[in-house]
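The next block holds one structure in the form of structure tokens; read it before the comments.
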Amino acid sequence: MSEKPKTKTEKPKAKAVPKAKAKPKAKAVSKAKVEPNSKVEPKAKAEKQKISIENIVASTTLAEKLDLNQVALALDGAEYEPEQFPGLVYRLKEERTAILLFRSEKANCTGAKTIESVKKTIKTVSKKLEMAGLSVIKDPIITVQNIVAVYDLKNDLNLNAIAITLGLERVEYEPEQFPGLVYRVADPKVVMLLFGSGKVVCTGAKKVDDIETGVETLKKELRAAGLLH
DNA sequence: CTACTATAAAAGGTTG
DNA sequence: CAACCTTTTATAGTAG
């Protein structure tokens, strides 16, 4: 596993299919991080609110069968290029989420920071499809597949020392390739990306509890090794 | 500034 | 069979 056979050194991004200017990234998110979760959790109260969920990927069963060409017409702004990817991409600007619809019946929602946002995204799309005359499933079961969160250890980290101390089985650190140290937690099967700043990105979790447990496990090991105040 | 490097995960279609 | 395509997101390096 040390060497990755994937070698995505070159991105086939600009290949055959011109993506019509692709990502309209810049826009409205300008002040995003300046505002600390003002409405996210009115009751959580600052306190131990260190873990910040950044992205939730969830899957569901939206409809029985979808004719994506028809859906593309019903959802304004939808992107559907079957030669590039079998799923139709639809973005909800108000939720800042994206949903991928497949002809089978499955759908994936990405970009949400709360489960409520995932539900709203699915409900909104479901309603649009229904209004377009398509049959949709009423209360689809939503499964969270992955949660990405950030945690700040508030303590600079010596990644080289951590790489040596925590062992080769759990750690991958190639600063010339990527500045973050990859730490794989066994129990809650999650992956932590550690940075010299003390910021930690946790991904691979199916539930928030996995992130909390994973973070605690990490802190415990770092403290045991004297690498965290 | 943008875009790439790395991480996880689902979907389904294609290619090797 | 595996690996890639696409979407999202934080993190932080480098290159252009």
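Being a predicted model, the structure only gives us computed values, none of them experimental. Protein chains get the first letters and strands the later ones, always in sequence-line order, with residue 1 at the start of each.
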Do side-chain atoms of A:Ser52 reach the backbone of A:Ala149 as a donor and acceptor pair under 3.5 angstrom? no
Strictly below 4.0 Å: does A:Arg96 bring a side-chain N or O up to OP1 or OP2 of C:dT9? no
Among C:dT11, B:dG12, B:dT5, the one nearest any side-chain atom of A:Leu193 is C:dT11
Would you mind reading off the distance between A:Gln145 atom CD and C:dT7 atom C1', rounded to a whole angstrom? 14 Å
Kindly state which residues belonging to residues 214-229 of chain A come within less than 4.0 angstrom of DNA chain B, counting heavy atoms of the residue only, listed by number. none
Rounded off to whole Å, could you give me the CG-to-P distance for the A:Asn108 and B:dG13 pair? 13 Å
Check step by step if side chain to side chain contact (heavy atoms under 4.5 Å, CB included) holds for A:Leu101 and A:Leu62. CA-CA 8 Å; A:Leu101 303 181; A:Leu62 236 180; 3.4 Å; yes
Full working for salt bridge (Lys or Arg N to Asp or Glu O under 4.0 Å) between A:Lys50 and A:Glu212: CA-CA 10 Å; A:Lys50 313 140 179 294; A:Glu212 296 172 343; over 6 Å; no
Can you tell me if the side-chain N/O atoms of A:Gln84 get under 4.0 Å from OP1 or OP2 in C:dT6? yes
Side chain of A:Asn146 (C-beta onward), nearest among B:dA9, C:dT11, B:dT7: B:dA9
Does a donor on one side chain sit under 3.5 Å from an acceptor on the other, for A:Thr61 and A:Glu105? no
Are A:Glu169 and A:Arg184 close enough that some pair of their side-chain heavy atoms sits under 4.5 Å apart? no
Looking at every strand, decide which applies to A:Val191 at a 4.0 Å heavy-atom threshold: base, sugar-phosphate, or nothing. sugar-phosphate
Can you pull out the residues from residues 125-133 of chain A that lie within a 4.0 Å heavy-atom distance of DNA chain C? none
Tell me which donor-acceptor pairs under 3.5 Å the side chains of residues 67-77 of chain A have, and how far apart each pair is, sequence neighbours excluded?
residue, atom, partner, partner atom, Å
A:Asp67, OD1, A:Asn69, N, 3.0
A:Asp67, OD1, A:Gln70, N, 3.4

Between C:dA12, C:dT8, C:dT9, spot the one nearest the side chain of A:Lys113, thanks. C:dT9
Using heavy-atom distances to pick each residue's nearest nucleotide on DNA chain B, tell me which of A:Thr203 and A:Pro179 is more 5'. A:Pro179
Examine A:Tyr183 and A:Val150 and state if one hydrophobic cluster contains both, with Ile, Leu, Val, Met, Phe, Trp and Tyr joined whenever side-chain heavy atoms are less than 4.5 Å apart. no
Would you say that A:Val182 contacts A:Glu174 through its side chain, given a criterion of any heavy-atom pair below 4.5 Å between the two side chains? no
Whether the side chain of A:Lys113 engages the backbone of A:Glu54 through a donor-acceptor N/O pair (distance < 3.5 Å, no angle test) should be reported. yes
Inter-residue atom distance A:Ile122.CD1 - A:Thr97.OG1, 0.5 Å rounding: 9.0 Å
N/O (side chain, A:Lys189) to phosphate O (OP1/OP2, B:dA8) under 4.0 Å: no
For the side chain of A:Phe85, starting at C-beta, report the closest nucleotide among B:dA6, B:dA10, C:dC5. C:dC5
Interface with DNA chain B, restricted to residues 98-106 of chain A and to heavy atoms under 4.0 Å: A:Leu100, A:Phe102, A:Arg103, A:Ser104, A:Lys106
Just to be sure I understand the rule, does A:Ser197 reach a base, reach only the sugar-phosphate, or reach nothing, if contact means heavy atoms closer than 4.0 Å? sugar-phosphate
Looking at the side chain of A:Lys206, which of C:dA10, C:dT11, B:dA10 is the nearest nucleotide? B:dA10
Taking a hydrophobic cluster as the set of Ile, Leu, Val, Met, Phe, Trp and Tyr residues connected by side-chain heavy atoms closer than 4.5 Å, whether directly or through intermediates, do A:Val191 and A:Ile56 fall within one such cluster? no
Using side-chain heavy atoms (C-beta onward) and a distance below 4.5 Å, is A:Val201 in contact with A:Lys199? no
Partners passing salt bridge (Lys or Arg N to Asp or Glu O under 4.0 Å) against A:Lys219 (at least two apart in sequence or in another chain): A:Glu216
Residues of residues 55-78 of chain A with any non-hydrogen atom less than 4.0 angstrom from an atom of DNA chain B: list those, numerically ordered, please. A:Val57
Here the gap from A:Thr165 atom OG1 to A:Leu222 atom CG, rounded to the nearest 0.5 Å, amounts to 9.0 Å
